[in-house]
Each structure stands twice: as structure tokens, then as C-alpha cells.
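Numbering of ligands and ligand atoms starts at 1, following listing order.
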Amino acid sequence: MTTATNAAVAAANTYVQQWVKEQAEICKPDKIVWLNGSQQERDALFEQGCRDGVFVKLNQQKWPGCYYHRSNSNDVARTEHLTFICTPTADGAGPTNNWMSDKDAYAKLKPMYEGSMKGRTMYVIPFIMGPLGSPLAKVGVQLSDSLYVAVSMGIMTRMGDVAWKQLGDGNEFTRCLHSVLDCNPDRRFICHFPQDNTIWSIGSGYGGNALLGKKCLALRIASYLGQQQSWMAEHMLLMCAQAPSGEKTYVAAAFPSACGKTNFAMLIPPEKYQKAGWKITTLGDDIVWMWVDQKSGKLHAINPEAGYFGVVPGTNTRSNPNAIKAMSKNSIFTNVGLVTLPDGSYDVWWEDCDEEPPAKCIDWQGKEWTPEIARKTGAKAAHPNSRFTAPMANNPVLDASANDPAGVPVSAIIFGGRRSKTVPLVFQAFNWMHGVYLGATLGSETTAAATGQVGVVRRDPMAMLPFIGYNVNEYLAHWFRMRRTMKDCPRIFHVNWFRKNDQGKFMWPGFGDNMRVLKWIIDRCQGRAYAVETPIGWMPRAQDLDLDGLGLSPADVEAIQSVNVQEYMSELLSQEELLLKLAGELPKEIVFQRELLVSRLAL
Ligand code: OXD
Ligand code: MN
């Protein structure tokens with residue numbers, strides 16, 4: 001076994017050295033490479049990846065610094081049924097997580113790791129989640145035999161020697177062990193040990209299962225730590241809306257996976273807003289960590305990530321020009337179509353991009369794809385959950401505070417789902433407690449971001465169902481309890497961009513025009529906008545929303561905002577599917593809020 005010399009950088013930390021040695025003795029890699037995060041190292045890894053067939057270098061004029069990767073076709077989304085919270089008792093994981101006892105999980109997975117890296121390289125990947133120096137920033141060290149993971153972690157986190165510096169000689173780092181093994185779903189497990197600050201992932205190279213800083217650390221482990229230490233880790237985007245006056249309003253929004261968080265976080269306001277001086281800037285598109293700032297008593301937030309791992313199909317210069325710019329250099333495309341250009345170099349293509357379909361390409365399964373094949377069989381060139389991995393620094397509208405360790409004060413929290421029926425475009429919770437109820441009962445139609453059926457409504461509390469690293473009842477109680485720690489809490493809203501009419505057409509244009517809804521939300525937070533009290537919350541009237549130039553009549557807006565009492569009663573009944581699962585330990589505030597809603601609807 002050889003060890004690359006930059007291991008010396010980490011040598012100072014005896015805890016790291018000891019742990020890496022122990023894991024190497026189990027996994028038995030041929031080689032251990034300690035990553036330092038430099039550009040030189042990165043270039044060498046990509047070169048190596050091209051030689052090994054892990055990456056294809058794209059045409060560098062069109063895509064500078066960009067590479068193509070195709071994962072195993074059985075490994076293209078998160079596998080929630082193979083994801084476990086491993087605690088001494090089942091109660092630690094709660095009724096919505098898969099549970100394995102920590103002892104059993106270690107005993108089951110350890111033999112799988114035995115010799116799993118024989119003939120392979122173990123990359124030691126030190127990383128920080130959160131801006132340097134932030135009170136919440138966390139150090140992790142991932143050991144992985146995947147070169148794809150190694151370079152992707154370099155995009156998604158602050159990776160390299162900075163992490164050793166932040167860690168110093170301490171022992172407080174998340175121990176992340178990852179091996180792709182033979183990528184067999186029968187031997188795939190994503191196990192979290194919150195009490196040990198440890199993650200063991202095996203049998204998958206898919207981002208959500210394998211980039212352990214993201215869902216595993218920044219959501220599952222971090223949500224557990226947050227509950228212990230009075231802060232919050234949430235599945236939310238974070239953005240700033242700057243008004244023509246210069247006033248800044250920071251907004252966090254939780255939508256389930258593949259429901260448009262990246263698009264909303266990078267929203268381009270309609271032209272008239274831009275002309276008037278409105279600006280939207282992005283802090284994050286997937287995860288926030290929030291704590292109560294002691295001076296102001298307000299909720300402050302950071303984005304712990306340093307990159308975007310976004311859904312590609314449907315992304316184009318109309319739907320999200322900023323994402324197109326973000327992925328235009330130093331990015332990785334996974335499971336999209338691969339096109340050979342006349343000069344022999346490579347390009348990428350996906351459904352609903354800016355360009356016409358190529359005459360032929362290689363699809364996400366490595367098979368030939370032509371428009372003709374697509375017409376006959378419905379085959380897609382890009383998997384619906386194909387992804388781009390891009391540095392957030394590429395985002396032309398990156399917020400100036402994105403790297404600020406002090407975070408930004410959050411004025412609004414938005415919950416949203418993908419609902420073709422029943423749920424109006426926008427409404428505001430009566431207060432924090434009601435808002436927590438709205439988040440807790442959030443429903444959304446399932447998407448391709450996780451394996452399983454697509455398009456069925458499932459309850460997804462705070463869009464965190466797959467990411468709560470402990471008991472959901474304690475998680476909800478934590479949300480209610482946080483109210484007491486804030487002097488001035490954010491207002492809470494609910495949105496639904498996806499309501500359809502009887503003809504099956506979307507009733508709201510979405511994308512940049514979501515600015516109009518956002519403007520009402522901001523004005524509510526700043527004490528400027530009117531709303532009427534309805535059974536489900538505060539709602540704008542048609543005249544409170546800016547509809548100018550949209551071609552929607554006040555009647556259209558009434559339809560999109562309508563609350564049908566019968567449909568809402570059914571909605572309430574369908575929430576029971578979740579609430580019954582939680583019964584026994586369900587926070588009483590949920591029951592009270594539900595009762596209040598029933599009484600308002602019944603009046
Ligand atoms: C993601 C997800 O990749 O939520 O962000 O699945
Ligand atoms: Mn996500």
C-alpha cells in the first residue's frame with residue numbers, strides 16, 4: 001500500500017490518522033491519496049478519470065473545464081428504502097425512517113467493506129460544510145474509492161487543506177466512509193450513526209447517496225445536531241430579494257426534491273421589475289442551516305454547500321438562464337445524452353434544452369439514441385434525474401453574503417409542493433405555530449429524484465421526510481420550540497406553482513413570474529401588503545398581486561386562489577396517513593392546529 005506525500009498535511013491530527021489507518025485496514029485499498037483541494041490536483045484527477053473511463057472530457061471551447069459522467073443505470077437516484085438511521089433504539093429513528101440498531105448496522109456493513117477497495121485507490125477527502133469561521137461550520141472527512149465522488153466533493157464543499165486547518169488537532173469531524181463496491185442494489189446501504197457522528201455508505205455512487213457532505217451530513221446528521229444544540233438544518237433554498245430602495249429581504253424556501261428550488265433560487269424577475277431596480281441573488285439552492293442570532297433575536301441562515309447538484313432536464317435559457325451560466329464551466333454532467341461532434345470532440349444534450357435534438361447520441365444507459373427511437377419508444381436521452389454539478393461561484397447572481405460566516409437574517413420561510421389540485425397559489429400562515437403545521441402537513445406529488453412511483457401525493461413534512469436524521473415527532477416539536485428562542489421570527493408562507501385547471505393546463509405561468517408572488521410575500525414581511533383572512537390563512541386578493549402584462553383576469557386569479565371546502569376536508573383526511581403514523585408522540589400543537597383548521601372550514 002502506498003500513501004501519497006501530501007498526507008503530511010493532515011499528519012498533525014492524530015484522530016484523523018488513526019481513523020484513516022483503521023478504515024484502510026478494513027477496506028485494503030492499493031493506494032491512499034490525501035486530497036489538498038488544489039487546482040493542480042483537480043486537473044490530475046480529471047485526467048486520471050478520463051484515462052479510467054470515469055469521465056469524458058467535453059469540447060473545451062464550448063464547455064471549459066467540464067466533464068461527462070455516466071453512472072451505473074441501476075444507480076441514478078436516492079434510494080430511500082436503503083437509507084437507515086442507526087441508533088441504539090428504534091425510537092431514535094422514529095416512525096418515518098428505516099431503522100437498524102447501530103450495533104447491527106456496523107456488524108452488517110463491516111464485512112462488506114472488508115477488502116472492498118482492493119485494487120483501488122482510497123481518497124481521503126477533508127471538507128467543510130459552511131463558510132469558513134461560521135459558528136455552525138462543520139468539518140467532515142470522507143474516505144471514498146470513487147474518483148467521481150472525490151472531484152464532486154471538490155465542487156460541492158470547501159474541500160482540501162482548509163478543512164485540516166479548521167479542524168486543527170481536534171476530534172470533532174464527521175467520519176464518512178464510502179465504497180461503491182460492485183454497485184449492486186442488493187448490497188447498497190446508506191447508514192447514519194448520529195450519536196457517533198458517522199456515516200457509512202456502500203454500493204452506490206449516486207450524488208445523494210455518495211457525496212456524504214450533502215444529504216447525509218448537512219441534513220440527516222446536522223438535523224440531529226441542530227435538535228441537540230438549538231439550531232436547524234433544513235431542505236431549503238436561500239435567496240435575497242433587493243428592492244429598488246436597496247432594502248434586502250432574505251427568504252428561505254422548502255420544496256421537495258425536483259420541485260424547482262434551484263429555479264426559484266436563481267429567479268430572473270420579469271423585465272419591468274428589473275427596470276424598476278429589483279434584484280434577486282442566490283445564497284443556496286438546497287440546504288440551509290439556521291440559528292438564532294443572540295444580538296437581534298432573529299433567525300440567521302447560511303448555506304453549508306459550495307456548489308449545486310441540480311436536475312438537468314428542463315433547464316434552459318428560458319427556465320433558468322443563471323443555472324445555464326453556472327454549469328457553463330468547471331462542471332460535471334451526469335447521465336445526460338453524450339453527443340459526438342464532427343471534429344470528434346464531445347457535447348451534451350438533454351430533453352428540453354436550448355438546442356435541437358442531435359441526429360444521434362449515447363443516452364444515459366450507454367445506448368444509441370435517435371429522435372426516431374425516442375418517437376417510437378419514448379426513450380429519453382437524459383435520465384429525468386440527470387444532474388449538473390457546478391461551483392456556486394459560477395452563478396452570475398451569487399449573493400454577496402454567500403460566504404459570510406455570520407449568515408443572513410431570514411424574514412420569510414416558504415413551504416411549497418407540487419400539487420395539481422386543491423392548494424392555492426399563495427397564502428400566509430396566521431403565525432409561526434400555524435406555519436409549522438403547514439410545513440408539517442406539506443404534501444407533494446413524487447418526482448424522479450428518488451426511486452419509486454412518480455406523481456403520487458405523499459406527505460413530506462417541511463420537504464424533509466427523507467432527510468430528518470432522528471424521530472420526526474421530536475423534529476416537529478423542535479420546530480415549535482424554536483419559536484420561544486426568537487424575538488422576531490420569520491413569517492411563514494405556502495406556495496403552489498403547479499395547480500392545473502380542468503383541462504390539465506397549469507394555471508400560473510411560474511418561473512420568472514413567481515417574482516409577483518414573491519413581491520407580495522416581501523411586502524407582507526415589510527408590513528406593506530394587504531391580505532384577507534380565509535379559513536386556511538392570509539390571502540392576497542387579485543388586486544394585491546401584480547398581474548400587469550400576464551394576461552390573467554381577476555377571475556383567473558380567483559380560480560387559482562380558490563379554496564374548495566370539500567376538497568380541503570379531503571385534504572385534511574389525506575393528512576391522516578402521516579398523522580396516524582406519528583400518533584402517540586405527535587406534538588399536541590399539531591392536533592390543536594388541525595382542530596382550529598377544521599373549525600374554520602366548518603364555519
Ligand atoms: C437533491 C435531492 O439532490 O433532494 O437535492 O434529491
Ligand atoms: Mn434536495
Next item on the list: Determine whether the aromatic ring centres of Tyr113 and Trp200 lie less than 6.0 Å apart.
Entry: yes
Check: Centres of the Trp369 and Trp364 rings: under 6.0 Å?
Finding: no
Check: In the protein, which heavy atom is nearest to atom 2 (C) of ligand 1, and how far is it?
Finding: Ser257 OG, 3.2 Å
Next item on the list: On the 0 to 90° scale, with breaks at 30° and 60°, tag the Phe506-Phe498 ring pair as parallel, tilted or perpendicular.
Entry: perpendicular
Margin query: For the aromatic rings, using the six-membered ring if either is Trp, is the centroid distance between Tyr206 and Phe309 under 6.0 Å?
Written below: yes
Item checked: atom 6 (O) of ligand 1: the protein heavy-atom neighbour that sits closest, reported with distance to 0.1 Å -> Arg78 NE, 2.9 Å
Check: Hey, which atoms in ligand 1 end up nearer than 4.0 Å to a heavy atom of Asp286?
Finding: 5 (O)
Checklist line | Closest non-hydrogen atom pair between Ala326 and Asn394, with its separation | finding: O-ND2, 2.8 Å
Next item on the list: If you have a sec, work out which protein heavy atom is nearest atom 3 (O) of ligand 1 and how many Å separate them, to one decimal?
Entry: Arg387 NH1, 2.9 Å
Note to self: Please determine whether Ala463 has a backbone or side-chain N, O or S atom lying under 2.8 Å from the Mn ion (ligand 2).
What the structure shows: no
Next item on the list: Report, in ascending order of atom number, the atoms of ligand 1 lying under 4.0 Å from any heavy atom of Phe467.
Entry: 4 (O)
Check: Distance only, no hydrogens: is a donor on one side chain within 3.5 Å (strictly under) of an acceptor on the other, for Thr317 and Asp354?
Finding: yes
Item checked: Atoms of ligand 1 close to His235 [distance to a heavy atom under 4.0 angstrom, numbered from 1] -> 4 (O)
Check: What atom name does the N, O or S atom of Asp286 nearest to the Mn ion (ligand 2) carry?
Finding: OD1
Next item on the list: Starting from the C-alpha separation in whole Å, work towards a yes-or-no answer on side chain to side chain contact (heavy atoms under 4.5 Å, CB included) for His235 and Leu219.
Entry: CA-CA 7 Å; His235 191 205; Leu219 285 177; 4.1 Å; yes
Check: Once rounded to 10°, what is the value of the angle centred on the Mn ion (ligand 2) between Lys215 NZ and His235 NE2?
Finding: 90°
Next item on the list: Identify, for atom 5 (O) of ligand 1, the protein heavy atom at the shortest distance, and state residue, atom and that distance.
Entry: Lys215 NZ, 2.9 Å
